[in-house]
Amino acid sequence: MLRITGKTDVERRVVINTIGPVWEGNQVWLILGGGAIFAAWPMLYAISFSGFYLAMFAVLVCLIVRPVAFKFRSKRDSATWRNTWDWLLTLSGWGAALVFGVAVGNVLLGVPFRLTDDLRMFWEGGFFDLFTPFALLCGLVSLTMLLMHGAVWLVFKTEGVVQERASRWGMVAALLTVLLYLAAGLWLAKLQGYVLTEPMSTVGPSNPLFKSAGVAEGAWLVNYAKQPVLWIVPALGLLMPLIAAWAIKGRHEWTALLSSGVGIAGIILSVGVSMFPFILPSSVDPGMSLMVWDASSSHLTLFIMLVSTSIFLPIILAYTSWVFHIMRGKVKEEEIEGGKGHAY
């Protein structure tokens, strides 16, 4: 949202400083997510990070450029210098959001890997094979929902002309999120999904070869048919962005922020609800797909994770909440122009 809400250097500094105190901690959650996958489902980590290597590398470049842009942008009082870093900051944000969505789209389609009898992995796809029409649509859903949330955050944290621009773009992004998410859902209903063709043990050894699976049209909607209450999850993904758009227009800032966050949670969780118990289906041989149970770590590892998470996650959440509480309030142009040393 940087370049479309901030037209002057001061306005862009306002935008950057809305997340200046918290972006570093927020970005660490991505590392924590990768570490959690490695600990809980090591085979998922190995196959996805190896198969999506170039895509992950592109995301990594974006996540490296982004903090460098935060730190370097104001090191020189040069319009060209700052404009360059503004573009890099914007493009790195768009790139990461888009590639994350494309990756999720490919997971829903199934990824081209196979396993040998000794569980060695072979990838039979290429980087540009990832950018199919459905995967690109998922990428656009990811991009628009994060644009919506960024705009809502700016409405929450700024005032004046920056807030006005963020309001207009936030409503557009919210409506686009609903339309694109609905289109992706209708498309998903017609796709070949993955199903177990016979019951599998949920307490057996972690070996993806010990099951039988296949594909069927509309299989990603089976869980909703079995448990209709689960329709609440995608419903949140459709309803909450609309509420966020209404709240933005009416300047109900807390309602807009919470609605946007819940809407994003609904969109992301609907993928997990649709796929369960699959976590990485194989388009080469569905029987080699990774499931929640047959790709997990040992009981001891999972127990250690449970204990560690129970202790440390509340501490992290408490600290993060304290940081956001201390940094509460609007970011104002006069504070930025006042030359205070803590501002970016």
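The model shown is predicted, which means the values in this text are computed figures rather than measured ones.
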With heavy-atom distances below 4.5 Å as the criterion, would you say the side chains of [X] and [Y] are in contact?
X: Trp246; Y: Ser259; result: no
X: Asn106; Y: Val102; result: yes
X: Leu154; Y: Trp169; result: no
X: Trp94; Y: Leu98; result: no
X: Arg165; Y: Ile4; result: no
X: Ser283; Y: Val111; result: no
X: Ser298; Y: Phe303; result: no

Crowding at [atom1], [X] (>12 non-hydrogen neighbours, <6.0 Å):
X: Phe276; atom1: CZ; result: yes
X: Trp81; atom1: CH2; result: yes
X: Asn26; atom1: CG; result: yes
X: Tyr53; atom1: OH; result: no
X: Lys249; atom1: NZ; result: no
X: Phe49; atom1: CZ; result: yes
X: Asp117; atom1: CG; result: no
X: Lys332; atom1: NZ; result: no

ILVMFWY cluster, [X] and [Y] together (side-chain gap under 4.5 Å):
X: Ile232; Y: Leu242; value: no
X: Phe210; Y: Leu44; value: yes
X: Leu188; Y: Val273; value: no
X: Ile248; Y: Val262; value: no
X: Leu280; Y: Leu54; value: yes

Please walk me through it: do Leu257 and His149 pass side chain to side chain contact (heavy atoms under 4.5 Å, CB included)? CA-CA 7 Å; Leu257 187 65; His149 202 59; 4.1 Å; yes
Would a distance-only check, ignoring hydrogens and angles, find a side-chain to backbone donor-acceptor pair under 3.5 Å from [X] to [Y]?
X: Ser282; Y: Phe113; value: yes
X: Ser270; Y: Ile267; value: yes
X: Arg82; Y: Arg76; value: yes
X: Ser206; Y: Ser296; value: yes
X: Trp41; Y: Val292; value: yes
X: Ser297; Y: Ala39; value: yes
X: Arg12; Y: Gly6; value: yes
X: Asn17; Y: Arg13; value: yes
X: Tyr194; Y: Ala216; value: no
X: Gln163; Y: Thr158; value: yes

Least distance between heavy atoms, [X] atom then [Y] atom:
X: Pro21; Y: Val323; result: O-CG1, 4.3 Å
X: Lys211; Y: Leu196; result: CD-CD2, 4.0 Å
X: Met145; Y: Ile264; result: O-CD1, 3.7 Å
X: Pro241; Y: Thr177; result: CG-CG2, 4.3 Å
X: Ala295; Y: Leu290; result: CB-CB, 4.0 Å
X: Leu146; Y: Ala97; result: CD1-CB, 3.6 Å

Salt bridge or not for Arg251 and Glu164, using N-O below 4.0 Å? yes
Chi angles and distances behind the side chain to side chain contact (heavy atoms under 4.5 Å, CB included) call for Met1, Val15: CA-CA 8 Å; Met1 299 299 296; Val15 172; 5.5 Å; no
May I ask you to check whether Trp85 and Phe70 place their ring centres under 6.0 Å from each other? no
side-chain contact (heavy atoms from CB on, under 4.5 Å) partner of Arg3, the single match among Leu91, Asn83, Leu89: Asn83
Value rounded to 0.5 Å, distance of [atom1] in [X] from [atom2] in [Y]:
X: Ser321; Y: Ile326; atom1: OG; atom2: CD1; answer: 11.5 Å
X: Ser310; Y: Met305; atom1: OG; atom2: CE; answer: 10.5 Å
X: Asp86; Y: Asp9; atom1: CG; atom2: CG; answer: 7.5 Å
X: Leu130; Y: Leu136; atom1: CG; atom2: CG; answer: 10.0 Å
X: Thr116; Y: Arg114; atom1: OG1; atom2: CZ; answer: 8.0 Å
X: Cys138; Y: Leu109; atom1: SG; atom2: CG; answer: 7.0 Å

Which other residues belong to the hydrophobic cluster containing Leu63, where Ile, Leu, Val, Met, Phe, Trp and Tyr are joined when side-chain heavy atoms lie under 4.5 Å apart, directly or via other members? Leu30, Val59, Val99, Phe100
Using a 4.5 Å cut-off between side-chain heavy atoms of Ile, Leu, Val, Met, Phe, Trp and Tyr, which other residues end up in the same hydrophobic cluster as Ile316? Trp29, Leu32, Leu313, Leu317
Parallel, tilted or perpendicular: which one describes the rings of Phe134 and Trp187, with boundaries at 30° and 60°? perpendicular
When the ring planes of Trp220 and Phe278 are compared, do they come out parallel, tilted or perpendicular, using 30° and 60° as the limits? perpendicular
